[in-house]
Amino acid sequence: MTTALLWFRRDLRLDDNPALQAALDAGHRIVPVYVHAPDEEAPWMPGAASRAWLAASLRALSAALRERGSMLVLRRGPTERALETLIEETGASAVYWNRLYEPAVIARDAALKTHFKQRGIDAHSHNAALLFEPWEIETGQGTPYRVFTPFWRNARARLRDGAPPAAPARLPAVPHLASETVDALLPAPRPRWDRPMLADWRPGAAGAAEMLEVFLDDAVAHYKTQRDLPDRVGTSRLSPHLHFGEISPRRLVAAIQGRTWPAAVEPHVETWLKELGWREFSHHLLYHFPASTDANLNPRFDDFPWAPRDNDALEAWCRGRTGVPIVDAGMRELWATGFMHNRVRMLTASFLTKNLRQHWIHGARWFWDTLVDADLANNTQGWQWTAGTGADAAPYFRIFNPVTQARRFDPDVRYVRRWLPELDALPDAAVFAPWEHADAARLAPDYPAQPIVDLAQSRDAALAAHDRIKTAR
DNA sequence: TTTATTTTATG
DNA sequence: ATAAAATAA
């Protein structure tokens, strides 16, 4: 019997895992391995929150493999050396893995594939992360899409039903091999901020499946409207599970299409599928425009007059001390939980890039380090979208008004109150814009009396800055 | 996945 | 006088 390495990366599941399936179908004995080599993802190596999730997720995968008679071998990078060593130890003749789409990872994997082929080792890569490969969806001219709506129209029409394969009940036994521990590879932070951060989550495939069931049972029926309200669980909150491949997008599509929905719920289902579409679109853009992690997707913005880097403003934004309650609530939710509601991500990002006019890369870097679902494709395209430098088909310069957004999406101020206890004594009506309330300084002495930037003036300044690049060239 | 302003409708 | 709808950016 031949042996194959099953190289896990961000596909930390056993169901609908094409690399695993292919290795089994080929009749190999399978040696599952995870190689810890974060520096190979530079300049976007995983952030602190992401590493905490990864540690928990690896434990979950390891347990799932053990239950099936296998085990997860943990090794330290460099990846090429770790895999070579394991090939020698096991006599493996093949390596199977699932593809990723970040530029640094693509380059490393391509080099590895060449290396293995030269060594006479079969190297097989598969698609586990996306509904469609980034190169499968193209315009009539054969070019990549730059606008979401036509991209999704095209991709949506190609969606097929059908349940992806379940996890195998048993896996071949693994010979005795040395393995690192998760603790050694990903030491717990001190102090243990990871514990409260992960308290609301259950990393791993079982937690992901449970999350999906809860969403389909409860939230999806009101998704279109409730998804925008940050004070409740109106979204699926599957993003960290998707990022680490603990659940596959095909599984999500199969699960939601596998149920019969009342006609009134169908538009909600469609809206949620469209969110998966945004995820596909982000990966499509990152694959075709790999420089977009650091450079404007729209080069017209290369002349945009950003304000000079302002460390005080950046610090206030990061820590939730800007004096704009909905912005501060979001930033504190992020710091405490490693997560931020999508509506609030958009408006905090708008505040940083439009009102403070700080370059979007500063925000992208902070989110990258603090989000448990930090994903290079989604993070990059999300920031570029809000900054106006990315793929946004809107014919205007999008500037969110955080006060209007708070009134519309947190009308009962429940979200803001949860994260800003220093506003407890303020009446509801004053929480949207405390600086307009005569008594705010007395009732909320620990909160900034004024926002760090005037909302109306900074909006006008942002529009004026935008006018300058509109008229240029 | 917006906002601010203007126009129109309603009482 | 106020709100809803339309519109421009």
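Lettering of chains follows the sequences in order, A, B, ..., and the numbering in each one begins at 1.
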Which residues pass the salt bridge (charged side-chain N to carboxylate O under 4.0 Å, His left out) test with A:Arg332, not counting sequence neighbours?
A:Glu422
Which residues satisfy the side-chain hydrogen bond (donor to acceptor under 3.5 Å, both in side chains) test with A:Ser62, sequence neighbours excluded?
A:Arg66
Would A:Phe367 and A:Trp383 satisfy ring pair (Phe, Tyr, Trp, His ring centres under 6.0 Å), going step by step from the backbone distance to the final call?
CA-CA 10 Å; A:Phe367 274 27; A:Trp383 274 97; 5.0 Å; yes
Below 3.5 Å, can you tabulate the donor-acceptor pairs from side chains in residues 195-203 of chain A to any protein atom, sequence neighbours excluded?
unit_1	atom_1	unit_2	atom_2	d
A:Arg202	NH1	A:Glu210	OE1	2.6

side-chain hydrogen bond (donor to acceptor under 3.5 Å, both in side chains) filter on A:Thr404, not counting sequence neighbours, yields A:Asn401
So A:Arg408, base contact, sugar-phosphate only, or nothing? Heavy-atom distance under 4.0 Å.
sugar-phosphate
Counting only Watson-Crick and G-U wobble pairs with both atom distances below 3.5 Å, the stems of 3 or more consecutive pairs that include DNA chain B are B:2-10 with C:1-9
A:Asp228 has an atom CG; how far is it from atom C1' of B:dT2, in whole Å?
12 Å
What is the distance, rounded to the nearest whole Å, between atom CG of A:Asn355 and atom C1' of B:dT3?
12 Å
So, A:Phe301 versus A:His466, ring centres under 6.0 angstrom or not?
yes
Residues touching DNA chain B, which here means a heavy atom under 4.0 Å, drawn from residues 337-347 of chain A
A:Asn342, A:Arg343, A:Met346
Residue pairs meeting ring-ring contact (aromatic ring centres under 6.0 Å, His included), one or both in residues 431-455 of chain A, sequence neighbours left out, come to none
Sequence neighbours left out, what passes salt bridge (charged side-chain N to carboxylate O under 4.0 Å, His left out) with A:Asp217? Give chain and number order.
A:Arg259
Atom NE2 of A:His466 and atom C1' of C:dA8: how far apart are they, to the nearest Å?
15 Å
Can you check the A:Phe351 CZ to B:dT3 P distance for me, whole Å?
14 Å
Take atom CD of A:Gln405 and atom C1' of B:dT3, then tell me their distance rounded to the nearest Å.
10 Å
Using distance only, find each side-chain donor-acceptor pair of residues 104-111 of chain A under 3.5 Å and give its atom names and separation, not counting sequence neighbours.
unit_1	atom_1	unit_2	atom_2	d
A:Arg108	NH1	A:Glu40	OE1	2.9
A:Asp109	OD1	A:Arg9	NH1	3.3
A:Asp109	OD2	A:Arg9	NH1	3.1
A:Asp109	OD2	A:Arg9	NH2	2.6

Should A:Arg459 be listed as having a side-chain N or O under 4.0 Å from OP1 or OP2 of B:dA4?
yes
Contacts to DNA chain B from residues 396-404 of chain A, heavy-atom cutoff under 4.0 Å, which residues?
A:Tyr396, A:Arg398, A:Ile399, A:Phe400, A:Asn401
Contacts of A:Arg146 that satisfy side-chain hydrogen bond (donor to acceptor under 3.5 Å, both in side chains) - sequence neighbours left out:
none
Of all residues at least two apart in sequence or in a different chain, which pass the side-chain hydrogen bond (donor to acceptor under 3.5 Å, both in side chains) check with A:Arg237?
none
